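Here is the structure we will look at.
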Amino acid sequence: METDMETPLLPSSASDASEPPPRHQGGTVIAIIGSGDFSRSLAIRLVASGFRVVVGSRDPNRVAAGLFPDGVELRSHREAVSSAERVVFAAVYPEHYSTLLGMREQLVGKVLVDVSNATEMNSERSNAEKLAELFPESRVVKGFNVISAWALQAGAHDGSKQVLICSDCSVSKSSVVQLARRLGFSPVDLGGLCSSRDIEEAPLLLFPSWGAPILATFLLFLFFYGYNFLRRILLPYLDHGENNFYQLPLVAVNQTLPAVALITLALVYLPGLLAAVLQLSRGTKYKRFPGWLDFWLCRRKHLGLLSFLCAALHAVYSMCLTLRRAAGYTLLNAAYHQVKAGVENSWVEKMVWRSDLYLSCGILGFGVLSLLAVTSLPSVGNALNWREFTFVQSGLGYAALTLSVMHTLFFGWDFTFSAEAYPYYLPPVYLLALILPCVVLVGRILLALPCLAFRLAKIRRGWESARHRPPNNRKEADPPRNFGDV
Ligand code: NAP
């Protein structure tokens, strides 16, 4: 049987995926069982790529004329499967697989592609494994389920390009890999059919890596918004009836967003520092980090993008501050008081410098953060080599953090040292938000000290303190790591 399967799916001239086969009558015949949305889109794509397509339907006469492109033949299930040279797509729902049992004989030795998706997570067996059990003499390959009917039709110019493929028959799998390439997709070989459950469940996942970063950002937002509400709105109201509730929709949000942006950006760089400290203290890079640190390290990109989102919203909110009716009234009131007080010139040089400096640092910090966000796009990141990527993500990342800290420090200016900045003994939000980023920056500076940086670089190149300690300094508990170590 296996030798049968070694027949190439495509004619030998077609083995180069960049060269489509001739579109006249000679194309390889591929069968699709089912005449629904997926079948139609797949047929369109196959025909456009030079294949001949036979669609198998329970009732071919009922399928509306014009639904499939010219050249696609509509036949009964049995006729379609018999006319397929090697590959048959099962484009029906898994609950209907049993209706195909009558074609077992025609399907012997053929590549049966299961395109179905899971309807629930963590099922015991995948649809593809069930199909393989129903058709033990066919070569079941899982694939194409992560591509929507729309993406199939949209062609190589639009939509998702990755097709996850797995099968226990490597020859059949490579045929489908080749076919996927011919259709303009990027096949990803995920090994044996045991991976089919993961492939089937892939479309059910909803931003699987984003949960914890989003939750962390949301909790930070809630904390700072609540703190702001208490300090600037609720306590003044309860204390002396000052009505600041109008600040809830805009001003309070705009004071919360930069704090969240700054802390989430610090959270991007904190796990890297912790990892470096662990490596320094252990004297090796060959011990695994604790699970929580591994998890955190893997979520840095998400935290960075959420920080960018908060910073972008802060920028937009800040630009709209002067458009508010409240800002107009405040300005008019200030002007009235100034005229009444007989002040002709309200220019305060120190305040001019303060506002220009904090705005400039904010704009630069946001610019650098935008660059980081852009390079986290796979298409841009893939165009950079490792050194460039590290420079952008680490070097420019710390630059963005430093500029954001400076932006906040200039905002706080010397008001931070006045008693009015601490109503009800509560420090301002920006001061709280500065703690973690400053810890991260100080930690980074400490790690850049030559004595630590040199040792860390050595450890990261594979040096281990336990192996390189003089023999008389080694503890009993330090066993030789391999034969050469004695
Ligand atoms: P669909 O539009 O409902 O088509 C399913 C086809 O199955 C029908 O057209 C029908 O064809 C056949 N069928 C219906 N009842 C049947 C029965 N009792 N026994 C045998 N055949 C029956 O569904 P679809 O969207 O094309 O999806 C088909 C498969 O592709 C599913 O497994 C789905 O998970 C998978 N998929 C779909 C998409 C998508 O975007 N649509 C994306 C990825 C994967 P006949 O009447 O001609 O027999």
Side-chain angles (χ1 to χ4, degrees), residues 30-47 53-69 72-84 87-104 106-107 111-121 123 125-135 138 140-155 158-166 176 179-180 183-188 190 193 195-206:
I30 290 179
I32 309 174
I33 305 173
S35 62
D37 295 337
F38 193 85
S39 165
R40 181 174 166 271
S41 303
L42 181 63
I44 292 173
R45 192 70 176 260
L46 284 167
V47 169
V53 178
V54 184
V55 170
S57 169
R58 287 168 302 166
D59 185 359
N61 298 324
R62 218 193 51 205
V63 180
L67 195 64
F68 286 87
V72 172
E73 294 172 45
L74 277 158
R75 296 268 183 268
S76 68
H77 281 166
R78 197 176 296 272
E79 287 169 331
V81 171
S82 306
S83 53
V87 178
V88 177
F89 281 88
V92 295
Y93 284 98
E95 53 268 33
H96 302 142
Y97 285 167
S98 54
T99 62
L100 313 179
L101 282 173
M103 289 174 298
R104 254 192 187 150
Q106 285 81 5
L107 279 166
V111 180
L112 187 54
V113 187
D114 174 60
V115 301
S116 67
N117 287 321
T119 46
E120 54 179 25
M121 298 292 285
S123 57
R125 265 175 333 135
S126 67
N127 300 330
E129 284 166 323
K130 288 180 200 158
L131 190 66
E133 230 171 69
L134 290 175
F135 298 93
S138 305
V140 173
V141 177
K142 179 87 218 172
F144 287 92
N145 62 306
V146 291
I147 299 288
S148 69
W150 173 82
L152 261 174
Q153 268 192 61
D158 210 346
S160 169
K161 296 248 303 170
Q162 250 184 21
V163 175
L164 312 179
I165 292 171
C166 74
V176 178
L179 174 65
L183 298 188
F185 292 110
S186 313
V188 181
L190 289 191
L193 212 57
S195 307
S196 55
R197 202 176 75 174
D198 291 341
I199 299 183
E200 281 170 16
E201 288 177 359
L204 295 185
L205 299 173
L206 183 69

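Given the structure is predicted, the values throughout are model-derived calculations rather than measurements. Just the heavy atoms: all of them, side chains too, but no hydrogens, waters or symmetry mates, feed the values below. One-based numbering, in listed order, for ligands and for the atoms of each.
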Part of Val146 with heavy atoms under 4.0 Å of ligand 1, whether side chain, backbone, both or neither: neither
Location of contacts on Arg40 toward ligand 1, heavy atoms closer than 4.0 Å: neither
Between [X] and ligand 1, does any nitrogen or oxygen pair lie at a separation below 3.5 Å?
X: Asp37; value: yes
X: Gly56; value: no
X: Ser57; value: yes
X: Pro94; value: no
X: Trp150; value: no
X: Ala149; value: yes

Between Phe89 and Phe144, ring centroids under 6.0 Å: yes
So which protein heavy atom does [atom] come closest to, and at what separation?
atom: atom 23 (O) of ligand 1; result: Tyr93 CE1, 3.2 Å
atom: atom 28 (C) of ligand 1; result: Ala91 O, 3.4 Å
atom: atom 26 (O) of ligand 1; result: Phe38 N, 2.8 Å
atom: atom 20 (C) of ligand 1; result: Thr99 OG1, 3.3 Å
atom: atom 18 (N) of ligand 1; result: His96 CD2, 3.2 Å
atom: atom 4 (O) of ligand 1; result: Gly36 CA, 3.2 Å
atom: atom 11 (O) of ligand 1; result: Ser35 N, 3.2 Å
atom: atom 10 (C) of ligand 1; result: Arg58 NH2, 3.8 Å

Less than 4.5 Å apart, side chain to side chain, heavy atoms only: is that true for [X] and [Y]?
X: Arg40; Y: Val72; answer: no
X: Leu101; Y: Leu134; answer: yes
X: Asp198; Y: Glu200; answer: no
X: Val113; Y: Val111; answer: yes

Nearest heavy atoms of Arg75 and Glu79, plus distance in Å: CD-OE1, 3.3 Å
Shortest reach to atom 32 (O) of ligand 1 by a heavy atom, considering only Asn117, Val92, Val115: Val92
Arg125 bridged to Glu133 by N-O distance under 4.0 Å: yes
Proximal ligand 1 atoms for Ser116, defined as those under 4.0 Å from one of its heavy atoms: 32 (O), 34 (O)
Per-atom contacts of ligand 1 with Ile147, taking only distances under 4.0 Å to non-hydrogen atoms: 42 (C), 43 (C)
Lys/Arg cation over aromatic Phe185: Arg45, 6.0 Å, 45° cone: yes
Distance-only side-chain donor-acceptor flag, Asn127 / Asp114, under 3.5 Å: no
Polar side chain donor-acceptor pair, Glu120 to Ser123, under 3.5 angstrom: no
Step-by-step side chain to side chain donor-acceptor pair (under 3.5 Å) determination, Ser57 to Asp59: CA-CA 5 Å; Ser57 169; Asp59 185 359; over 6 Å; no
